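Keep in mind that what you see is a predicted model, and the values were worked out from it rather than measured.
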Amino acid sequence: DITFKGAALLANALYRNTTLQELRLSSNHLSDAGVSHLAQALATNQTLKKLTLAANDITNAGVIHLADMLKKNRTLHTLG
């Protein structure tokens, strides 16, 4: 499971990411707060192309964070 702190650490890594193109975080009990951290990082990330978040604890609030991120990110083409 990815905790809030774990999501924040992962987001920090994504800010500097220049090689990772796919990230699978399915079934990790990722919360809306964790998604918020990831979405902030992914708004500027220009490397990640595929993100899988299936079977997490994401509600409408988390979906809004992701939608806002997608308005800025032009690299991510698969979100599942």
Nearest 0.5 angstrom please: [X] [atom1] to [Y] [atom2], how far?
{"X": "N17", "Y": "N12", "atom1": "CG", "atom2": "CG", "result": "12.5 Å"}
{"X": "L20", "Y": "T18", "atom1": "CG", "atom2": "OG1", "result": "9.5 Å"}
{"X": "H29", "Y": "T3", "atom1": "NE2", "atom2": "OG1", "result": "12.5 Å"}
{"X": "L51", "Y": "S26", "atom1": "CG", "atom2": "OG", "result": "9.0 Å"}
{"X": "H37", "Y": "K5", "atom1": "NE2", "atom2": "NZ", "result": "11.5 Å"}

On a heavy-atom basis, which atom in [X] and which in [Y] lie closest, and how many Å separate them?
{"X": "R74", "Y": "K71", "result": "NH2-O, 3.1 Å"}
{"X": "L66", "Y": "A39", "result": "N-CB, 4.4 Å"}
{"X": "A7", "Y": "I2", "result": "N-CG2, 3.5 Å"}

Given side chains that start at C-beta, do those of [X] and [Y] come closer than 4.5 Å, heavy atoms only?
{"X": "L48", "Y": "L23", "result": "yes"}
{"X": "T78", "Y": "K49", "result": "no"}
{"X": "L38", "Y": "L30", "result": "yes"}
{"X": "N45", "Y": "Y15", "result": "no"}
{"X": "Q46", "Y": "N73", "result": "no"}
{"X": "L42", "Y": "L70", "result": "no"}
{"X": "V63", "Y": "V35", "result": "no"}
{"X": "T52", "Y": "L25", "result": "no"}

Audit row: M69, L76, side-chain contact (heavy atoms from CB on, under 4.5 Å) steps and yes/no: CA-CA 10 Å; M69 174 271 297; L76 189 68; 3.8 Å; yes
Is atom CG of N60 surrounded by more than 12 heavy atoms (other residues, nucleotides or ligands) closer than 6.0 Å? no
Indicate, with yes or no, if F4 and I64 share a hydrophobic cluster defined by side-chain heavy-atom contacts under 4.5 Å among Ile, Leu, Val, Met, Phe, Trp and Tyr. no
Determine, using the 4.5 Å side-chain heavy-atom cutoff (strictly less than), whether L79 and L10 are members of one ILVMFWY cluster. yes
Taking N28 as the fixed residue, which of L53, N56, D57 is the one that meets the side chain to side chain contact (heavy atoms under 4.5 Å, CB included) rule? N56
